[in-house]
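Let me begin by presenting the structure, written as structure tokens, before commenting on it.
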Amino acid sequence: MKRIIAGITGVNGWVPDYVLTNAELETMVDTNDEWIRTRTGVEERRILKGEGLASSHMGQKAVEGLLEKTGTSPDEIDLIIVATVTPDMIFPDTANIIADKIGAKNCFGFDIHAACSGFLFALTTGAKFVESGTAKKVIVIGVDMMSSIVDYTDRSTCIIFGDAAGAVLLEPQEKYGLLDSVHHGDGSGRDFLHMRAGGSLRPASLETIKNKEHYIFQEGRTVFKAAVNGMCNSVDEVLERNNLSKNDIDWIVPHQANIRIINSVANHLDFPKDKVMINIQKYGNTTAATLPLCLWDYEDKLKPGDKLVLTAFGGGFTWGATYLTWAY
Ligand code: UT7
């Protein structure tokens, strides 16, 4: 019997209209365009504005476009997995809200909460449902409304993050699709990147709000070093496990956290920059959305059989890499 693999058969992204430029950030905190560009690579990022709009709105838009592109009816969807650290609410899961908004009546859904590695982990999870024959059409969404948890008086974090959603359709394929993944975690990294309050450890109170504990805390330098190590090591690991050399790979798709991290990964692999997907300059770090947004941006450059390695690192710590061949 032929092995069923899960292939990405469509991708779509959605970003809000509002562009937060480096120039506007200069009016908000003590920073400057040159520092932001050279230290992070970000030139602008998108911010979701509007009463009642949250992550599910961006996810809905990304999926509606995906269904249209792929000629898929909402009724055909078996499963929706959402990777996010900014769900609309702690519960119910944003996947259920998106399913309702797009009119998907025959599916179930759940969220995965693995910060910037969320999409990578969700992609593997979705692929397992397809490979096992349990699901035929799985939608995996990476979405984050980082502006809802960013402190716009903290210059070390507010310059990096943006809001966006990206979504892929996974379907059973015989030839091309997800071939291997490595995933890692180290919970001791929680000290360096987290949102302290709002969970069961420190429920929201006047004190947590006064102490600004509902915002992202990041010890940038520590996370930077761990991100370079984690992404380089996991790419090496997935290449080695599949007897691949860098020359076999057509595209590296790295999480867009900092252009210097991306460059370090490319240099480590001695990989040509024009084969590394980069769009951090347009959107900043959109957490779980960066990988599908890259695939969406570069979709017209991809062809069936192209070998891609996706890699990410994020809060947790969480990190990993996925090797896949492009299906269309
Ligand atoms: O996506 C999930 C994982 N996250 C990451 O991978 C992010 C990893 N970390 C980073 O990207 C970088 O560490 C940051 C972009 C967050 C910070 O860049 P850095 O080069 O590590 O800067 P730093 O924290 O070492 O700060 C260097 C200097 C400091 O000034 P002093 O102490 O040397 O006088 C900061 O106060 O830069 C200062 N600084 C700024 N200056 C102008 C920090 N932020 C700013 C700013 N504008 N926005």
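Order of listing sets the numbers, starting from 1, for every ligand and every atom in it. Owing to the predicted nature of the structure, the values given are computational and were not obtained by experimental measurement.
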Handout entry: Protein heavy atom at shortest distance from atom 2 (C) of ligand 1
Key = C116 SG, 3.1 Å
Fill in the blank from the handout: The ring pair (Phe, Tyr, Trp, His ring centres under 6.0 Å) partners of Y215 (sequence neighbours excluded) come to none
Fill in the blank from the handout: At under 4.0 Å between heavy atoms, what of T287 touches ligand 1? The answer is neither
Exercise for the section: Considering heavy atoms of the protein only, find what lies nearest to atom 22 (O) of ligand 1 and give residue, atom and distance to 0.1 Å. Expected result: W35 CZ2, 3.9 Å
Completion exercise
For I160, the atoms of ligand 1 under 4.0 Å from one of its heavy atoms are 16 (C)
Handout entry: Atom indices of ligand 1 within 4.0 angstrom of R39 heavy atoms, with elements
Key = 20 (O)
Problem - Side-chain H-bond candidate by donor/acceptor type, N22 with R45, under 3.5 Å - result: yes
Practice task
Please say whether more than 12 non-hydrogen atoms of neighbouring residues, nucleotides or ligands are located less than 6.0 Å from NZ in K136.
Solution key: no
Fill in the blank from the handout: A257 heavy atoms within 4.0 Å reach ligand 1 at atoms 1 (O), 5 (C), 6 (O)
Problem - Main-chain N/O of I280 paired with Q256 side-chain donor or acceptor, under 3.5 Å - result: yes
Exercise for the section: Identify the two heavy atoms, one from E171 and one from V130, that lie closest to each other, and give their separation to 0.1 Å. Expected result: C-CG1, 3.7 Å
Problem - Proximal candidate to atom 19 (P) of ligand 1 [heavy atom criterion; set K225, R260, E26, E219] - result: R260
Handout entry: Proximal ligand 1 atoms for V223, defined as those under 4.0 Å from one of its heavy atoms
Key = 3 (C), 4 (N), 5 (C), 6 (O)
Practice task
Return a yes/no value for G220: is any of its N or O atoms, backbone included, closer than 3.5 angstrom to an N or O of ligand 1?
Solution key: yes
Exercise for the section: Report, as yes or no, whether the 6.0 Å neighbourhood of atom NZ on K69 holds more than 12 heavy atoms from other residues, nucleotides or ligands. Expected result: yes
Completion exercise
atom 26 (O) of ligand 1: closest protein heavy atom, distance to 0.1 Å, is R221 NH2, 3.9 Å
Exercise for the section: Carefully, step by step, assess F121 and H183 under the rule side chain to side chain contact (heavy atoms under 4.5 Å, CB included). Expected result: CA-CA 7 Å; F121 290 15; H183 303 299; 3.4 Å; yes
Exercise for the section: Of the side chain and backbone of I261, name the one, both, or neither that has a heavy atom under 4.0 Å from an atom of ligand 1. Expected result: side chain
Handout entry: Flag side-chain contact, heavy atom, 4.5 Å: L178 against L170
Key = yes
Exercise for the section: Please state whether I36 comes within less than 4.0 angstrom of ligand 1, counting heavy atoms only. Expected result: no
Problem - Exercise check, heavy-atom protein proximity under 4.0 Å to atom 29 (C) of ligand 1 - result: no
Exercise for the section: Name the orientation class of the two ring planes belonging to W14 and H57 (parallel below 30°, tilted from 30 to 60°, perpendicular beyond 60°). Expected result: perpendicular
Handout entry: E219 atom CD: more than 12 heavy-atom contacts under 6.0 Å
Key = yes
Problem - atom 47 (N) of ligand 1 touched by protein heavy atom at under 4.0 Å - result: yes
Problem - Structural part of N258 in contact with ligand 1, heavy atom criterion under 4.0 angstrom - result: side chain
Problem - Protein residue, atom and distance nearest to atom 1 (O) of ligand 1, heavy-atom basis - result: N285 ND2, 2.7 Å
Fill in the blank from the handout: Note: ligand 1 atoms sitting under 4.0 Å from heavy atoms of T40 are 15 (C)
Completion exercise
If you scan protein heavy atoms around atom 35 (C) of ligand 1, the nearest is R155 NH2, 3.8 Å
Problem - Donor on one side chain, acceptor on other, S234 and H184, under 3.5 Å - result: no
Exercise for the section: Can you tell me which residue pairs pass the salt bridge (charged side-chain N to carboxylate O under 4.0 Å, His left out) test with a partner in residues 254-279, sequence neighbours excluded? Expected result: K246-D270
Completion exercise
In this structure, atom 4 (N) of ligand 1 is nearest to the protein heavy atom Q218 OE1, 3.0 Å
Exercise for the section: Look up atom 41 (N) of ligand 1 and tell me if a protein heavy atom lies less than 4.0 Å from it? Expected result: yes
